[in-house]
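Quick note: numbers below take in every heavy atom, side chains included, and nothing from hydrogens, waters or symmetry partners. Just follow the structure's listing: the first ligand is 1, and inside any ligand the first atom is 1.
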Amino acid sequence: MEYKGVAQDKAIMISLDIIREPYAWPGGYERIAITDDGAILCHACVKSELRQIATSHGGDGWHVVDCDIVENYDEQPLYCNHCERLLNGED
Ligand SMILES: [Zn+2]
């Protein structure tokens with residue numbers, strides 16, 4: 001894998017952390033990854049698309065810059081931008 005610097009290291013670190021612990025404690029809320037273009041990725045997609053994330057140059061929808069938990073998005077339905085799964089629905 002080509003080395004692309006600190007931002008990419010951080011993206012991989014965040015992704016591996018989400019894969020290792022998909023649910024926040026306490027609360028059990030699902031953790032999500034946020035990309036540089038504001039997209040949301042669920043932990044299943046972070047895991048299945050880790051290669052995309054790890055090789056992203058940014059601006060392609062795969063550059064992970066942060067993580068969050070779905071509890072912080074209670075105001076609106078939250079969907080994974082890759083698999084389109086509803087992440088914070090009641091059902
Ligand atoms: Zn997903």
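- Summarising the geometry of Cys45 relative to His82, their closest heavy-atom pair is SG-CD2, 3.6 Å, with the distance given to 0.1 Å.
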Run the side-chain donor-acceptor check on residues 26-35: report pairs under 3.5 Å with partners two or more places apart or on a different chain.
residue: Glu30; atom: OE2; partner: Arg85; partner atom: NH2; Å: 2.6
residue: Arg31; atom: NH1; partner: Asp17; partner atom: O; Å: 3.2
residue: Arg31; atom: NH1; partner: Asp17; partner atom: OD2; Å: 3.3
residue: Arg31; atom: NH1; partner: Glu21; partner atom: O; Å: 3.0
residue: Arg31; atom: NH2; partner: Asp17; partner atom: OD2; Å: 2.9
residue: Thr35; atom: OG1; partner: Asp37; partner atom: OD1; Å: 2.3
residue: Thr35; atom: OG1; partner: Ala39; partner atom: N; Å: 3.1

Give the table of side-chain donor-acceptor pairs shorter than 3.5 Å for residues 66-73, with sequence neighbours excluded, one pair per line with atom names and distance.
residue: Asp68; atom: OD1; partner: Asn72; partner atom: ND2; Å: 2.5
residue: Asp68; atom: OD2; partner: Tyr73; partner atom: OH; Å: 3.3

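- With sequence neighbours excluded, no residue satisfies ring-ring contact (aromatic ring centres under 6.0 Å, His included) with His63.
- Protein contacts to the Zn ion (ligand 1) involving N, O or S atoms at a distance below 2.8 Å are Cys42 SG, Cys45 SG, Cys80 SG, Cys83 SG.
- Separation of atoms SG (Cys42) and CG (Leu86) is listed at 11.5 Å; rounding is to 0.5 Å.
- Residues Val64 and Val46 have side chains not in contact (no heavy-atom distance under 4.5 Å, counting atoms from C-beta outward).
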